[in-house]
Amino acid sequence: MAEPITQAPNSSTRVLDRATLVLNRSWVPIHVTTVRRAICLLFRDAAAVVSPSTMQTYSFAEWLDDGHTHFDAWVSASRHRIAAPDVIQLTAYNRVPAHRAPFTRRNLFARDGHTCQYCSTRFRTDELTIDHVVPRSRGGPTSWINCVVSCVSCNARKGDRTPLEARMRLMREPKCPRWSPYLGLSRRQHLPTWQAFTGRVTASS
Ligand SMILES: [Zn+2]
């Protein structure tokens, strides 16, 4: 069998970047990945496709053979057209990740809703910075409880001072968010078919 995805025509590129829900072996949602990565996992038999309507699982070969006429998102690869999976299940992995969300730039922006925590204005990602509430120069750690999203202007105004010294108020006390497989994902990236596995479709932040 040929490599699954080597080159995707333009129409497929967007589909490849679409979100796919990842379940562990016990059907617990643990992650959200891209269709691109999901297809690689399927190709290596590390995962199976789950049909959200029937809960039936398919190996990669079975998934290729099946008609999937009700699917509207397709990826072209080699001689095949592959229906983009909404949900996959890992065949071996059965753990649930630790319930502390990893501290990453993307997760921090999601926690603060892309909103400057000083002026309460929502910005695009490239217009935002990370502010250390207690400045690094004073030993302030880079962590969930000492970092907030700030716009460039508020960050410059605050400078190397604490909020108290700069007379700037934080919207809320920064905390470590609860881990969620959907952390960092916007609501519009959620697929309606995930509801069968999550009970509800919510954006976390
Ligand atoms: Zn601001």
Side-chain angles (χ1 to χ4, degrees), residues 8 10-23 28-38 73 84 86-87 95-195 197-205:
N10 285 344
S11 57
S12 294
T13 310
R14 222 173 308 147
V15 178
L16 285 171
D17 291 329
R18 206 195 64 184
T20 297
L21 182 65
V22 182
L23 310 176
V28 177
I30 56 164
H31 187 49
V32 173
T33 189
T34 58
V35 166
R36 182 193 314 272
R37 172 92 182 120
D86 288 0
V87 182
R95 291 168 51 200
V96 175
H99 284 265
R100 279 178 72 85
F103 180 80
T104 62
R105 188 178 172 84
R106 184 180 152 143
N107 286 349
L108 184 73
F109 282 25
R111 183 198 67 180
D112 292 347
H114 291 77
T115 301
C116 173
Q117 295 299 289
Y118 293 105
C119 67
S120 310
T121 310
R122 198 179 157 89
F123 289 91
R124 289 202 323 261
T125 304
D126 60 351
E127 296 169 324
L128 287 166
T129 61
I130 295 175
D131 173 63
H132 286 69
V133 179
V134 175
R136 262 186 296 192
S137 59
R138 313 262 195 99
T142 301
S143 67
W144 281 119
I145 56 166
N146 192 51
C147 288
V148 294
V149 163
S150 162
C151 71
V152 175
S153 151
C154 286
N155 205 339
R157 193 176 131 214
K158 179 171 173 277
D160 215 13
R161 300 178 292 178
T162 65
L164 193 68
E165 289 166 350
R167 299 190 177 190
M168 294 167 76
R169 266 181 76 133
L170 278 167
M171 279 175 69
R172 56 176 167 252
E173 188 191 347
K175 290 181 179 159
C176 178
R178 238 161 45 91
W179 174 85
S180 150
Y182 317 108
L183 192 69
L185 213 62
S186 72
R187 192 180 287 271
R188 65 188 160 79
Q189 289 174 289
H190 289 238
L191 303 182
T193 49
W194 293 355
Q195 250 171 319
F197 305 91
T198 60
R200 64 204 172 111
V201 175
T202 54
S204 64
S205 64

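Atoms within each ligand, like the ligands themselves, are counted from 1 in listed order. Side chains are part of it too, since the values below use all heavy atoms of this structure and drop only hydrogens, waters and symmetry mates.
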Of Asn146, Val149, Val148, which meets side-chain contact (heavy atoms from CB on, under 4.5 Å) against Asp131?
-> Val148
Distance-only side-chain donor-acceptor flag, Thr193 / Asp86, under 3.5 Å = yes
Any side-chain heavy atom of Pro177 sitting closer than 4.5 Å to one from Trp144?
-> yes
Just wondering, are more than 12 heavy atoms of other shown residues or ligands nearer than 6.0 Å to CD1 in Ile130?
-> yes
How long is the span from the CE atom in Met168 to the CD atom in Gln117, to the nearest 0.5 Å?
-> 11.5 Å
Near the Zn ion (ligand 1) (under 2.8 Å) - protein N, O or S atoms = Cys116 SG, Cys119 SG, Cys151 SG, Cys154 SG
Taken to the nearest 0.5 Å, the spacing of Ser120 OG from Arg172 CZ works out to 9.0 Å
